Amino acid sequence: MTVAAESAASAASLVQSVDWLAIAPPTITAAVGLIVLVADLFVPEHRKRLLGGVAITGLVAAIVMLVPLRDGDRSTFCLTTDPGVCSYTADHFAVIVQLLVLGGALLTALLALADTRQLPVGEFWFLLLSSAAGAALLPASRDLATLVVALEVASLPAFALVGLRRGDRLSSEAALKFFLSSVTATAVMLLGVSFVYATTGTLHLTRIAAALDHVPGRLDTLAAAGVALTLVGFAFKAAAAPFHFWVPDTYVGAPLPVAAYLSVVSKAVGFAGLILVTVIAFPGYAHVWGPVLAVLAALTMTVGNVAALRQSATRARSAVRLLAWSSVAQAGYLLVPIAAAAYAGGDRIGSTVAYALMYAVVNLGAFAVAALVARTKPLNRISDYRGLSAQRPLVALAMGFFLLCLAGLPPGVIGLFAKVTIFSVAVDAGLGWLAVVMAVNVVIALYYYLQWTAVLFRAPEGQEDQEEGAGAVEVTGHGELVTHEAPAALTVAIVMTAVLGIILSGAPQLVLRFAAISLF
């Protein structure tokens with residue numbers, strides 16, 4: 001009896017209780033995705049739009065479930081031998097990034113709801129929700145295995161989303177390039193993870209940090225190589241140069257809502273992963289990843305801005321291509337506080353979170369306006385925005401505001417506030433050279449942002465050709481249906497992002513205070 005009792009007690013000690021509230025946001029998102037996939041089999045074709053409503057409801061429910069987690073003190077899937085070491089932690093950082101990715105997915109869903117032409121509806125919503133579930137899981141992951149799984153759950157559906165447009169050669173090529181480059185980056189990252197595990201004997205981030213402080217001299221090179229290689233996968237997702245080459249072609253080939261999703265949610269996933277592995281797992285090797293990330297930040301912002309500067313206003317899809325290169329440049333700015341954390345402590349990453357919140361709002365707004373313009377100008381050239389103020393004055397004002405926010409100019413005060421914050425972080429960390437590079441790049445970016453803004457308010461060419469007919473439709477030479485109506489969902493997305501941008505510009509200190517609670 002004694003042996004049986006001891007066996008029962010031992011078995012009971014291996015049973016873990018699951019904190020369902022802590023894991024509710026990604027779980028709800030994944031569950032609704034499965035519901036949409038199954039419902040797609042039974043819903044008749046003329047009622048497929050209802051699936052979009054179900055998907056949006058699921059995302060709203062997932063966001064609502066973040067409210068009881070705002071205290072940031074819940075963990076689950078912990079070791080039975082050490083309850084303080086857990087694989088999932090819903091702390092302040094995780095909750096804020098989950099709000100960012102789920103909010104970004106919600107706005108993406110609004111863009112997609114406005115126009116799902118040429119897309120298989122059921123598959124689209126399932127893939128979007130699946131990717132969003134992985135993106136929501138990643139910031140709460142606290143071991144390398146869960147981080148890798150979450151990164152792949154967020155990435156694999158994204159490949160399919162990029163190539164989901166049937167019969168489109170650009171879409172297929174973009175998906176293939178995105179897939180091959182991502183798989184290569186993941187393979188390199190897994191090699192790095194294996195090196196870290198071989199050196200430390202653990203996958204939990206906090207235990208890795210403790211073990212790396214006492215690495216034997218003969219394993220130091222292996223550990224340093226593992227740290228560097230592990231960063232590659234997350235740098236790829238963050239679109240940091242030289243891992244950025246997939247961005248312009250992927251954004252141009254993907255449906256516009258998917259490009260908007262990648263520009264914000266995929267980037268948030270990459271930066272969340274970088275922050276977790278650098279600040280929590282690898283603080284002892286800050287001398288390795290600090291200089292690397294500082295150089296990557298300088299290279300990324302420079303490559304992105306110079307390439308954006310070279311875009312021709314009359315080139316097909318130049319508007320999306322410019323936004324793509326702009327997102328690369330913005331990734332460089334986002335890397336600065338993470339690099340500074342190597343020199344001045346992990347509390348610097350709050351600036352990255354603050355900047356990411358600002359960037360997500362205004363960049364999604366810019367993509368929403370691009371989606372609206374694309375309904376009448378399928379080639380989506382920058383020159384197609386000429387005279388937008390005469391046709392849709394409020395939309396032109398919103399787009400101008402978004403571009404000025406990205407440039408960091410008033411009345412886009414939130415953009416200026418975010419850039420000044422990052423600049424001061426670089427200076428305080430002793431990275432004066434990086435602050436100088438950032439200042440030069442901000443000046444470069446002013447040119448193409450202001451040039452696009454000026455186009456919005458120029459007199460339209462061929463005024464008689466620009467007049468809209470209520471409910472008018474036309475078909476392009478490629479057989480694409482073009483309408484002149486602004487769908488309600490698209491209007492809601494533009495209004496939401498514009499209002500949020502205005503509120504944050506009116507009280508920019510709220511962003512940094514909100515992001516500050518994410519500090520470790």
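None of the values given here were measured: they were computed from a predicted structure. Numbers for residues simply follow the sequence, beginning at 1.
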Set of residues satisfying ring pair (Phe, Tyr, Trp, His ring centres under 6.0 Å) with respect to His244, sequence neighbours excluded: Trp325
Gap separating the CD1 atom of Ile63 from the CG atom of Leu102, nearest 0.5 angstrom: 5.5 Å
Salt-bridge contact Lys177-Glu173 (side-chain N to carboxylate O under 4.0 Å): no
Aromatic plane relationship, Tyr251 with Trp246 - under 30° parallel, 30 to 60° tilted, over 60° perpendicular: perpendicular
Reported CG-to-OG1 distance for the pair Asp213 and Thr200, which is rounded to 0.5 angstrom: 11.5 Å
Heavy-atom donor-acceptor pair, Arg142 side chain to Pro139 backbone, under 3.5 Å: yes
Donor-acceptor pair, side chain of Asn305 and main chain of Met301, under 3.5 angstrom: yes
Full working for side chain to side chain contact (heavy atoms under 4.5 Å, CB included) between Ile208 and Phe282: CA-CA 7 Å; Ile208 289 173; Phe282 304 148; 3.9 Å; yes
Exam field: side chain Thr300 to backbone Ala240, donor-acceptor pair closer than 3.5 Å: no
Tyr285, OH: over 12 other non-hydrogen atoms inside 6.0 angstrom: yes
Asp249 and Arg321 ion-paired at < 4.0 Å: yes
Tyr197 OH: over 12 foreign heavy atoms closer than 6.0 Å: no
Check: Asn363 side chain, Tyr359 main-chain N or O, donor-acceptor pair, under 3.5 Å: no
Ser131 and Tyr261: side chain donor to acceptor below 3.5 Å: yes
Reported CG-to-CG distance for the pair Leu231 and Leu293, which is rounded to 0.5 angstrom: 6.0 Å
Test item: Ser266 side-chain N/O and Ser263 main-chain N/O as donor-acceptor pair under 3.5 Å: no
For Ser130, side-chain hydrogen bond (donor to acceptor under 3.5 Å, both in side chains) partners two or more places apart: none
Distance-only polar pair, side chains of Ser75 and Thr89, donor-acceptor under 3.5 Å: yes
For the student: nearest non-hydrogen atoms of Gly290 and Tyr343, plus distance: C-OH, 3.8 Å
With sequence neighbours excluded, residues passing side-chain contact (heavy atoms from CB on, under 4.5 Å) with Ile56: Val60, Leu106, Ala109, Leu110, Leu113
